[in-house]
2 protein chains.
Amino acid sequence: MTSQNDAIAAMTRKLERLARLDDSDRSAIAALPVTVQFAPSGQYLVREGNEAVNCCLLVTGYAFRHKLAQDGGRQIVSFHMRGDMLDLQHLLFPIADHNIQTMTEAIVAWTPCRALQQLAHERPRIADALWRDTLIDASIFREWVLNVGRRDARTRIAHMLCEFAARAQAAGLGAADRFELPMTQEQIGDATGLTSVHVNRMLMQLGAEGVIARRGKDVIVGDWAKLRRVAGFDAAYLHDAA
Amino acid sequence: MTSQNDAIAAMTRKLERLARLDDSDRSAIAALPVTVQFAPSGQYLVREGNEAVNCCLLVTGYAFRHKLAQDGGRQIVSFHMRGDMLDLQHLLFPIADHNIQTMTEAIVAWTPCRALQQLAHERPRIADALWRDTLIDASIFREWVLNVGRRDARTRIAHMLCEFAARAQAAGLGAADRFELPMTQEQIGDATGLTSVHVNRMLMQLGAEGVIARRGKDVIVGDWAKLRRVAGFDAAYLHDAA
DNA sequence: CGACAACTTGACGGGCGTCAACCGGAGTGG
DNA sequence: CCACTCCGGTTGACGCCCGTCAAGTTGTCG
């Protein structure tokens with residue numbers, strides 16, 4: 001019960017940041033049929049090739065999208081956190097073209113794609129919000145193409161840290177100079193097109209330079225200006241999603 | 001005059017492939033205010049940081065999107081051809097987050113973003129078509145992240161060729177085994193995260209293996225099965241846009 | 001406290017970048 | 001009509017960043 005309300009509240013908060021909603025929009029969102037589910041770490045939420053019937057909202061925890069190359073190599077194409085809607089990329093397609101998997105324990109809320117589509121058809125402001133969210137995702141994908149295509153290992157990882165920190169803070173997670181980095185170094189490697197060994201080398205180097213420090217899964221940013229400089233990070237591509 | 005009709009026809013054809021339109025949809029599209037422009041090769045159509053007021057349709061010719069890294073490195077994030085709408089990625093944002101540039105001489109048609117937005121609000125089928133188009137672009141971005149992140153040089157280039165051939169054919173350009181490859185090897189390098197020198201080496205190698213042959217700007221595919229195998233190409237991510 | 005995943009570190013090798021030279025075709029101007 | 005220029009393509013030599021392999025350490029959970 002209460003977790004359903006949490007889910008609705010999370011979605012409303014997210015959409016509210018993307019477009020100006022009125023009360024009737026908010027009550028239409030509240031009327032969505034929602035099923036809440038607990039998911040352990042590593043659970044698949046969407047599988048490539050399967051039909052995406054329900055649309056998934058991440059209420060708590062972290063998840064990531066990934067695709068597999070023919071040789072078995074895995075490429076993570078985005079990370080997701082509390083409040084993110086994970087299936088809008090599939091909203092108008094029958095078949096999923098990538099996988100989504102939890103990275104930690106998570107609570108997810110499912111709602112039928114049909115219901116969301118209908119909401120979008122009836123309510124232009126909600127349609128705009130959903131559409132804008134998918135466009136921000138697309139902008140992030142483009143930045144990732146640049147990241148893996150044209151930056152060296154140290155820069156790539158620094159950039160990934162900047163983006164994750166910015167988004168985490170926008171989602172109300174972590175503090176200005178400290179946030180949780182829930183993924184393993186192998187997952188960082190799969191996101192940046194590197195191996196876990198080399199990710200480790202670069203993280204150690206950034207640590208030795210005093211740019212970041214690590215306490216367990218937490219990252220403490222010692223020098224934001226330098227981290228941004230190393231990363232070549234400009235948050236414009238996040239379009240105020242952060 | 002006639003080129004305006006060409007532009008409307010091209011857009012209608014494109015949207016028709018993305019959603020089922022009726023006559024009223026078609027006449028609404030035909031009523032869009034359109035300005036047709038000739039653009040020489042290398043012309044910027046959209047600049048990062050500028051406001052995207054008008055939305056651009058590519059009537060003939062080729063174009064590409066790109067972003068610049070801090071060190072001056074350029075990453076091309078997509079190629080575009082006849083019939084593609086180039087600004088839907090900016091439709092709901094004030095500021096462009098990447099550049100779009102022609103790759104050949106081109107004819108482009110401009111229509112106010114506002115007019116398209118309004119059309120989308122009034123006509124759910126057109127909204128679906130436009131939205132679906134942006135989702136396909138996003139799916140292609142994800143595949144490119146995989147391409148530059150997890151495939152070696154030869155595979156990357158082969159994959160890029162497969163995608164371009166598939167999309168060109170869907171756009172009614174080229175034959176089953178021969179198509180124009182309008183970009184320079186440096187542009188191929190910027191799209192695949194390689195240098196033009198290495199692109200050349202790989203193209204020569206694919207030629208020596210009999211997979212492809214080149215006649216000027218044209219590519220002749222000698223062995224489709226092998227090219228697809230080398231590339232690890234599966235067209236599912238194009239979602240029948242090809 | 002044992003098992004297992006994740007992290008850490010070192011040695012070595014290769015794929016691709018860098019630099020440099022040369023070639024070939026298309027456009028240009030005398 | 002030919003010489004000049006320039007851009008793009010082609011090829012070789014060399015070196016480095018990062019992958020690979022392997023061993024050891026730390027941390028966590030049962």
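In what follows, chains carry the letters A, B, and so on, assigned in the order in which the sequence lines appear, proteins first and then strands, with residues in each chain numbered from 1. Reckoned from all heavy atoms, side chains included, excluding hydrogens, waters and symmetry mates.
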(message) Does B/E186, at its CD atom, have more than 12 non-hydrogen atoms belonging to other residues, nucleotides or ligands within less than 6.0 Å?
(response) no
Whole-Å gap separating [atom2] ([N]) and [atom1] ([X]):
{"X": "B/K217", "N": "C/dA26", "atom1": "NZ", "atom2": "C1'", "value": "12 Å"}
{"X": "B/R214", "N": "C/dG25", "atom1": "CZ", "atom2": "P", "value": "14 Å"}
{"X": "A/E186", "N": "C/dC7", "atom1": "CD", "atom2": "C1'", "value": "11 Å"}
{"X": "B/L181", "N": "D/dG9", "atom1": "CG", "atom2": "C1'", "value": "14 Å"}
{"X": "B/I188", "N": "C/dG17", "atom1": "CD1", "atom2": "P", "value": "14 Å"}

(request) Using only side-chain N and O atoms of B/Q185, determine if any of them is under 4.0 Å from OP1 or OP2 of D/dT10. (result) yes
(message) Side-chain N or O of B/N200 versus OP1/OP2 of D/dG9: is the shortest distance under 4.0 Å?
(response) no
Result block: side-chain N/O donor-acceptor pairs under 3.5 angstrom for residues 133-141 of chain A, not counting sequence neighbours:
residue	atom	partner	partner atom	Å
A/T134	OG1	A/W131	O	2.6
A/S139	OG	A/Y237	O	2.7
A/S139	OG	B/D97	OD2	3.2

(request) Answer yes when B/E48 and B/K67 have at least one side-chain N-carboxylate O distance shorter than 4.0 Å, and no when they do not. (result)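 Answer for the salt bridge query: no.
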(request) Taking only Lys NZ, Arg NE, NH1 and NH2, and the carboxylate oxygens of Asp or Glu, determine whether A/R150 and B/D190 approach each other closer than 4.0 Å. (result) yes
(message) Consider salt bridge (charged side-chain N to carboxylate O under 4.0 Å, His left out). Of B/R65, B/R13, B/R167, which one does B/D84 pass it with?
(response) B/R167
(message) For the aromatic rings, using the six-membered ring if either is Trp, is the centroid distance between B/F233 and B/W224 under 6.0 Å?
(response) no
(request) Indicate for each nucleotide in nucleotides 13-30 of chain D, in 5' to 3' sequence, whether protein heavy atoms under 4.0 Å reach the base (B), only the sugar-phosphate (S), or nothing (-). (result) B----BBBB---------
